[in-house]
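Remarks on the structure that follows.
Worth knowing before you read on, the calculation uses all heavy atoms, side chains too, and leaves out hydrogens, waters and symmetry mates. Just so you know, these numbers come straight off a predicted model, no measurement behind them. One-based numbering along the sequence shown.
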Amino acid sequence: MKDSNSFVYNVWLIILLVAAYVWPIFGLVPAIYLFTKRNDDQLKQMKGWISLSLIWQIVLWLLLIIAVVAFVASRSAQISQSMQKCPLVMRLVM
């Protein structure tokens with residue numbers, strides 16, 4: 001896609017930008033690709049949107065990591081509480 005004035009190239013860039021906003025996990029790849037190509041003549045008008053899509057993807061990844069850590073922490077707390085209630089398990093552990 002060397003011809004940056006072609007209709008297909010312009011539509012492809014719009015699809016990548018939409019994917020960078022919509023897909024919470026896989027949108028990181030289009031966001032990084034558009035961020036590296038943001039100095040292209042066709043993308044100069046969307047420079048702020050491209051930067052915002054990359055920031056949005058980073059925020060989504062951080063929220064996903066926080067959710068996983070909170071889930072693991074809550075599950076480990078539940079397991080430790082259930083182990084304390086059962087005397088047989090405490091005898092086996094000690």
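- With hydrophobic clusters built from ILVMFWY side chains whose heavy atoms lie under 4.5 angstrom apart, Trp12 shares a cluster with Leu28.
- For the side chain to side chain contact (heavy atoms under 4.5 Å, CB included) with Ile50, the qualifying choice from Leu17, Thr36, Leu16 is Leu17, the only one to do so.
- Hydrophobic clustering of Ile, Leu, Val, Met, Phe, Trp and Tyr side chains at less than 4.5 Å, counting indirect connections, keeps Ile58 apart from Leu63.
- Nearest heavy atom pair, residue Leu52 against residue Tyr21, reads CB-OH, 3.4 Å.
- Residue pairs meeting the side chain to side chain donor-acceptor pair (under 3.5 Å) criterion with at least one member in residues 53-76, sequence neighbours excluded: Arg75-Gln78.
- With values rounded to the nearest 0.5 angstrom, Leu13 atom CG is found 6.5 Å from Tyr33 atom OH.
- Linking ILVMFWY side-chain heavy atoms closer than 4.5 Å, directly or via other members, places Ile55 and Phe35 in two distinct hydrophobic clusters.
- Side-chain heavy atoms closer than 4.5 Å link hydrophobic residues (I, L, V, M, F, W, Y) into clusters, and following such links, possibly through other members, connects Leu64 to Ile32.
- Phe7 forms part of a hydrophobic cluster together with Val11, Ile15, judged by ILVMFWY side-chain heavy-atom separations under 4.5 Å.
- Val29 and Leu54 fall into different hydrophobic clusters, defined by Ile, Leu, Val, Met, Phe, Trp and Tyr side-chain heavy atoms under 4.5 Å apart, directly or through other members.
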